[in-house]
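All remarks here apply to the structure that follows.
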Amino acid sequence: MRDPIRLNPIAPLVEKARTYFRSDVTRPYEFRRERLRALEASMRLHEPEVFGALKADLGKSVYEAYPAEVGLVYVDLKHALKHLKDWMKPVGRSLPMTFWPGTGLQVPEPLGTALIISPWNYPFQLGTSPLVGAIAAGCNLVLKPSELAPATSAVLEKVLRHAFGDDGYVTVVHGGPETSQQLLAEKWDVIFFTGSTRVGQIVMEAASKHLTPVILELGGKSPCLVDRDADLETTARRIMWGKTYNAGQTCIGPDYALVHQAVKQRFVEACQQAVKGFYGDDPKQSRDYARIISTRHLQRLTTLMKGGRVAFGGTSDEAQKYLEPTVLVDVDLASPLMNEEIFGPMLPVVEVGSMDEAIDFVRARPKPLALYAFTSSSETADRILARTSSGGAMVNDVLLHIASGMPFGGVGPSGMGSYHGKASFDAFTHHKTVVKKPWALDLKVRYPPYTVSIEVFRKLLG
Ligand code: NAD
């Protein structure tokens, strides 16, 4: 890959972006609307190239690429275009009596020039989705996509170039951790990072030097809690769909399952049936099953596999970066398998005696990005939701909450801040509190020397 640092040193590029923002062209409604439309048009024009690149980087089927890589962004774009005018309006606020005849407003203003850093697993969507919020909010930005999905990162740049040109509004910088750190050393008005918890810490530390606000969309181990009263076939089908979607390389993918001991064996069998139904006897031959991003990541996964006994699956092929959908039982809870984010198509199944035991298991570990509860009892579902904390949660399904239009994000080590829908606009916006006062009624009691009794203040302020 070419070395863009030498071609395009970071500091002048950041200065160009800052100058662009200071020109104030990004603020008007019409500018934002036209840029959102331009993004959508360019995405639609380049769709075949996007899908081709995703196939090259991840072996991703178009049936996964369309909904998860572009469809989700179209939904965000449509929503932003529909509501942008309303979102941009200052919101009137009622003020305490003591402010009369003043007026209160909350005025949304763009934070400024944003830095967006994205990962490789949904390399197109995670590069473009945050952009929708940034554009809608009136920001401009520099985007650093992942170096590990080079074909998609190249098409992403092409799509954005076609939509926006190269004048400092949207700038793409390619490179790995070193480039990322050079970018992080600069002063930004907001940083939007999607990636691992480990790098999230590096980003936050860098941001703290300039007191830059951060949105961190991180990962973690998202558990599935399966009670004895769950519809096991549907549960297994939904969990294994989420586990094998993009070959398990999904931030909100089910990481492991805590299954009631009374149904564990049947659950494992149902998982095997589900996988067979999806991909046939040999998933390697299925055009619908994705590949692991690199042989290094594949080796990491096959090493993690040693933390349990293979109930089914378990084969791999380095030449093809292929890992068979796998379920593991007799899991060693102290092993890396149960302590690192798996991020691959392997599901460890851990037996529990009750859902309360499962709840305690989850609570003893870092707060996950997603939690999935499978039960026919709404009381059990409510108890699980009330007693656990996670970025998001679903009852009786997986993954789909990301497409609900509701705010999406983590909590604690799985992230901070959220986006999608209106939350995307808010992520890049500062809601400025403004109070306007007329000249009239300049009550003298507020000024020294203070002469009235303190009781007057008590009456006014309560
Ligand atoms: P990563 O943290 O390794 O890399 C993410 C980005 O950070 C890349 O652009 C990379 O170049 C850069 N980077 C890597 N090392 C760096 C360093 N030392 N200093 C500065 N920048 C660095 O993550 P990844 O492997 O690309 O993606 C997988 C992770 O992302 C998983 O943990 C997954 O859960 C998480 N993820 C989260 C979400 C979400 O929405 N919450 C979505 C997708 C992925």
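Numbering of ligands and ligand atoms starts at 1, following listing order. Heavy-atom basis, side chains included; hydrogens, waters and symmetry copies ignored.
For atom 35 (C) of ligand 1, the nearest protein heavy atom (residue, atom name, distance) is G195 O, 3.2 Å. Among all protein heavy atoms, the one lying closest to atom 20 (C) of ligand 1 is S180 OG, 3.4 Å. Counting protein heavy atoms only, atom 27 (O) of ligand 1 is closest to P119 CB, 3.3 Å. Remark: minimum distance from atom 22 (C) of ligand 1 to any protein heavy atom is reached at V199 CG1, 3.4 Å. Protein heavy atom in closest approach to atom 24 (P) of ligand 1: W120 NE1, 3.4 Å. What sits closest to atom 18 (N) of ligand 1 on the protein, heavy atoms only, is Q181 NE2, 3.3 Å. Looking only at heavy atoms of the protein, atom 7 (O) of ligand 1 is closest to F193 CE1, 3.4 Å. Looking only at protein heavy atoms, the nearest one to atom 8 (C) of ligand 1 is S118 O, 3.4 Å.
Below 4.0 Å from some heavy atom of E217 lie the following atoms of ligand 1, by number and element: 37 (C), 38 (C), 39 (C), 40 (O), 41 (N). Set against the non-hydrogen atoms of L369, the atoms of ligand 1 under 4.0 Å away are 41 (N). Near G219, with a cut-off below 4.0 Å to any heavy atom, the atoms of ligand 1 are 34 (O). Counting atoms of ligand 1 from 1 in the listed order, those under 4.0 Å from a heavy atom of E147 are 10 (C), 11 (O). Atoms of ligand 1 lying under 4.0 Å from any heavy atom of I117, numbered from 1 in the order shown and given with element: 6 (C), 7 (O), 9 (O). Near F343, the atoms of ligand 1 lying under 4.0 angstrom from a non-hydrogen atom of the residue are 28 (C), 31 (C), 33 (C), 34 (O).
In terms of modelled atom types and a separation under 3.5 Å, the side chain of Q125 and the main chain of A68 share a donor-acceptor contact. Side-chain atoms of K144 come within 3.5 Å of backbone N or O of G175 as a donor-acceptor pair. With hydrogens and angles ignored, the 3.5 Å screen pairs no side-chain donor or acceptor of R309 with any backbone N or O of V331.
A cation-pi geometry, defined here as NZ or CZ lying under 6.0 Å from the six-membered ring centre and within 45° of its normal, holds between R365 and F361.
Contact between F408 and ligand 1 is present, with at least one heavy atom of the residue lying under 4.0 Å from the ligand. Contact annotation: G415 has no heavy atom less than 4.0 Å from any atom of ligand 1.
Of the heavy atoms in N121, only side-chain atoms (C-beta onward) come closer than 4.0 Å to ligand 1. By the criterion of a heavy-atom distance under 4.0 Å, the backbone of L218, and not its side chain, is placed next to ligand 1.
Under 3.5 Å, the side chains of T295 and E318 contain no donor-acceptor pair of N or O atoms. For the residue pair H174 and E157, a side-chain donor N or O sits within less than 3.5 Å of a side-chain acceptor on the partner. Between the side chains of D231 and T234, at least one donor-acceptor pair of N or O atoms lies under 3.5 Å.
Aromatic ring centres of F374 and F267 lie farther apart than the 6.0 Å criterion allows. For W87 and F428, the gap between ring centers reaches or exceeds 6.0 Å.
With distances taken over non-hydrogen atoms, the option nearest atom 3 (O) of ligand 1 out of S196, G409, A370 is S196. Residue nearest to atom 5 (C) of ligand 1, selected from L126, I342, N246, T194: T194 (by heavy-atom distance). When H420, E341, H174 are ranked by how near their heavy atoms come to atom 34 (O) of ligand 1, first place goes to E341. Closest heavy-atom approach to atom 37 (C) of ligand 1 within the set G127, C251, P130: this belongs to C251.
Distances from atom 41 (N) of ligand 1 to the protein include at least one heavy-atom value under 4.0 Å.
Just one residue in the list T113, D189, D167, T19 forms a side chain to side chain donor-acceptor pair (under 3.5 Å) with N140, and that residue is T113.
Applying the salt bridge (Lys or Arg N to Asp or Glu O under 4.0 Å) criterion to K60, with sequence neighbours excluded, gives E69. Every residue meeting the side chain to side chain contact (heavy atoms under 4.5 Å, CB included) condition with D317, not counting sequence neighbours, appears here in chain and number order: K284, A319, Q320, Y322.
The environment of NZ in K367 is sparse: at most 12 heavy-atom neighbours from other residues, nucleotides or ligands sit within 6.0 Å. More than 12 heavy atoms of other shown residues, nucleotides or ligands fall within 6.0 angstrom of atom CD in E47.
Residue K144 places at least one N or O, backbone or side chain, under 3.5 Å from an N or O of ligand 1.
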